[in-house]
Protein chains: 2
Amino acid sequence: MGTTELRRITMTPAALRVREAAARLFYERGIHAVGVDLIAAEAGVTKKTLYDRFGSKEQIVVEYLVDRDERWRAFLARHLDAAPPEPPARVLAVFDASHAWSRANGSKGCSMVNAHAEISDASHPAYPVIIGQKKWMLALFTRLAGEIAPDEADRLGRTLMLLNEGALVAYGLNVFPDPFGHAREQARVLLTTAGDRP
Amino acid sequence: MGTTELRRITMTPAALRVREAAARLFYERGIHAVGVDLIAAEAGVTKKTLYDRFGSKEQIVVEYLVDRDERWRAFLARHLDAAPPEPPARVLAVFDASHAWSRANGSKGCSMVNAHAEISDASHPAYPVIIGQKKWMLALFTRLAGEIAPDEADRLGRTLMLLNEGALVAYGLNVFPDPFGHAREQARVLLTTAGDRP
DNA sequence: CCGTGAGTATACAGATCTGTATAGTGAGCG
DNA sequence: CGCTCACTATACAGATCTGTATACTCACGG
């Protein structure tokens with residue numbers, strides 16, 4: 001029931017440097033705009049090594065996105081562990097995590113959404129990774145909302161999802177200042193009125 | 001005060017076919033993944049003609065996005081003209097327009113957001129077009145919200161913006177069914193409670 | 001009737017793309 | 001010692017990328 005299966009490539013030090021360089025370049029310039037020669041050069045590695053480890057550029061893309069997904073989930077888990085136990089505060093902690101993540105990882109929006117824009121085929125191995133993260137986020141929001149207003153969990157979870165995704169876009173495109181703060185405040189209001197009239 | 005200036009290329013029939021083919025290919029496969037040879041072939045035009053009209057691939061990208069922007073604004077204006085004059089109904093008409101537009105134009109999300117993901121340089125001539133459309137949408141939402149609750153126009157406009165952008169992403173990635181319907185309903189609730197307690 | 005402009009057809013330049021081949025180095029280990 | 005493994009260095013294959021050059025057709029307008 002995991003998000004993906006395979007992906008059993010040995011992460012040698014050189015492979016880690018490749019994934020690191022690819023992650024930065026893919027995110028900043030886009031996947032198709034970055035060639036394997038550049039990735040190898042930035043990683044301080046020959047193309048031979050790169051292909052020995054990953055086998056194809058497509059596999060590098062998959063490793064990039066899977067790693068990004070795992071990092072985000074761990075990052076979010078840390079924020080949730082540090083949050084107060086009250087359910088509404090835990091929801092707000094998700095928006096705080098999104099904000100902190102975006103500030104730390106650059107302002108080009110969501111890696112998954114950006115990758116999706118460059119992948120035409122739904123049979124691409126990176127596809128389930130992208131969709132999986134969004135479904136997982138919706139499930140998380142819905143679960144947290146269910147601890148506040150069980151019979152409105154679906155509606156609230158979806159609304160929180162829209163606010164968070166909207167904030168990610170607004171942050172990346174600099175539409176207005178502090179979109180995560182705004183989304184967080186709107187989420188707070190939403191949960192307050194939902195919890196007050198059960 | 002217009003969004004852009006130049007863009008004075010003569011749109012001959014062949015040029016129109018080029019822009020049409022490029023628009024479809026760019027949106028479905030991504031900008032960097034599509035070459036000018038393919039665009040010319042799909043448009044039934046030689047590369048000579050393509051370069052005589054546009055001069056560069058970059059210019060084709062700009063024309064693609066400017067045209068998309070103009071089409072969307074005209075499309076939205078038609079929906080707003082057909083909507084009831086009551087301000088809340090006009091806000092909901094924006095979400096209906098987004099829904100109809102997305103249904104008609106494919107499920108790869110927002111052209112502007114996708115293009116932004118592939119453009120690294122902020123000095124790219126397409127940049128102001130992308131940012132311009134989002135700022136314009138925020139201004140529209142804020143103006144419409146101002147006719148309902150003037151002293152909350154900014155807050156409501158921004159929240160409506162997040163709901164709409166979030167729905168665009170959720171629709172493109174198929175996160176849950178009918179995100180525009182959901183966003184529209186949440187907007188309705190938001191405007192009702194805002195209008196009721198001035 | 002002659003020039004202009006939009007278009008076709010084809011070939012090519014030079015760079016860059018993904019991916020592979022050959023040959024060799026050096027460290028760890030049984 | 002000898003084997004494996006991670007890695008370097010270099011060259012190249014074949015395709016595709018953006019962009020240009022040459023030579024031609026055809027319609028229209030002064």
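Letters go in sequence order (proteins before strands), and every chain restarts at 1.
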Leading and trailing nucleotides of DNA chain C with any atom under 4.0 Å from heavy atoms of chain B =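 Listing 5' to 3', DNA chain C meets chain B from C/dA6 to C/dA9.
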
Given salt bridge (charged side-chain N to carboxylate O under 4.0 Å, His left out), test A/Asp67 with A/Arg71 step by step and report yes or no.
-> CA-CA 6 Å; A/Asp67 183 59; A/Arg71 279 173 197 263; 2.7 Å; yes

What orientation do A/Phe95 and A/Phe141 show, parallel under 30°, tilted 30 to 60°, or perpendicular over 60°?
->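 Ring orientation of A/Phe95 relative to A/Phe141: tilted.
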
Indicate the ring-plane relationship of B/Trp72 and B/Trp101, choosing parallel, tilted or perpendicular according to the 30° and 60° boundaries.
->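 Answer is perpendicular, since the angle exceeds 60°.
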
Return the residues of [range] meeting this criterion: a heavy atom under 4.0 Å from some atom of DNA chain D. Order them by number, or give none.
range	value
residues 14-26 of chain B	none
residues 30-39 of chain B	B/Val34, B/Gly35, B/Val36, B/Asp37
residues 46-53 of chain A	A/Thr46, A/Lys48, A/Thr49, A/Arg53

Stepwise side chain to side chain donor-acceptor pair (under 3.5 Å) test for A/Gln186 and B/Arg155 = CA-CA 9 Å; A/Gln186 296 312 296; B/Arg155 179 182 73 89; 3.0 Å; yes

Touch class at under 4.0 angstrom, heavy-atom based, for A/Thr10 against every strand present |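 Nothing, no heavy atom under 4.0 Å.
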
B/Arg29 and B/Leu38, any side-chain heavy atoms less than 4.5 Å apart |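 Of all side-chain heavy-atom pairs linking B/Arg29 with B/Leu38, at least one is under 4.5 Å.
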
Name all residues meeting the side chain to side chain donor-acceptor pair (under 3.5 Å) criterion together with B/His182; count only those two or more places apart in sequence or in a different chain, and write none if there are none.
->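 Residues passing side chain to side chain donor-acceptor pair (under 3.5 Å) with B/His182: A/Thr159.
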
Does the distance from a Lys or Arg side-chain N to an Asp or Glu carboxylate O, for B/Glu185 and B/Arg188, drop under 4.0 Å?
->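 Yes, this pair counts.
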
Would you check, one step at a time, whether the test salt bridge (charged side-chain N to carboxylate O under 4.0 Å, His left out) holds for A/Arg158 with A/Asp154?
-> CA-CA 6 Å; A/Arg158 290 175 178 189; A/Asp154 280 354; 5.3 Å; no

Could you please spell out the steps behind the side-chain contact (heavy atoms from CB on, under 4.5 Å) verdict for A/Asp178 and A/Tyr171?
-> CA-CA 7 Å; A/Asp178 192 20; A/Tyr171 182 86; over 6 Å; no

Output yes when a side-chain donor or acceptor of [X] lies under 3.5 Å from a complementary backbone atom of [Y], and no otherwise.
X	Y	answer
A/Ser102	A/His99	no
B/Arg17	B/Ala43	yes
B/Lys108	A/Ile119	yes

Could you run down nucleotides 24-30 of chain D 5' to 3' and tag each one B, S or - for protein heavy-atom contact under 4.0 Å?
-> -------

Evaluate the criterion side-chain contact (heavy atoms from CB on, under 4.5 Å) for residue pair B/Arg73 and B/Trp136; output intermediate values, then yes/no.
-> CA-CA 10 Å; B/Arg73 295 192 193 198; B/Trp136 184 83; 3.3 Å; yes

Within the 6.0 Å centroid threshold, strictly below: A/Phe75 and A/His79 |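 Yes; A/His79 has its ring centre under 6.0 Å from that of A/Phe75.
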
Charged tip of A/Arg68 within 45° of A/Phe26 ring normal and under 6.0 Å |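 A/Arg68 over A/Phe26 ring: no.
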
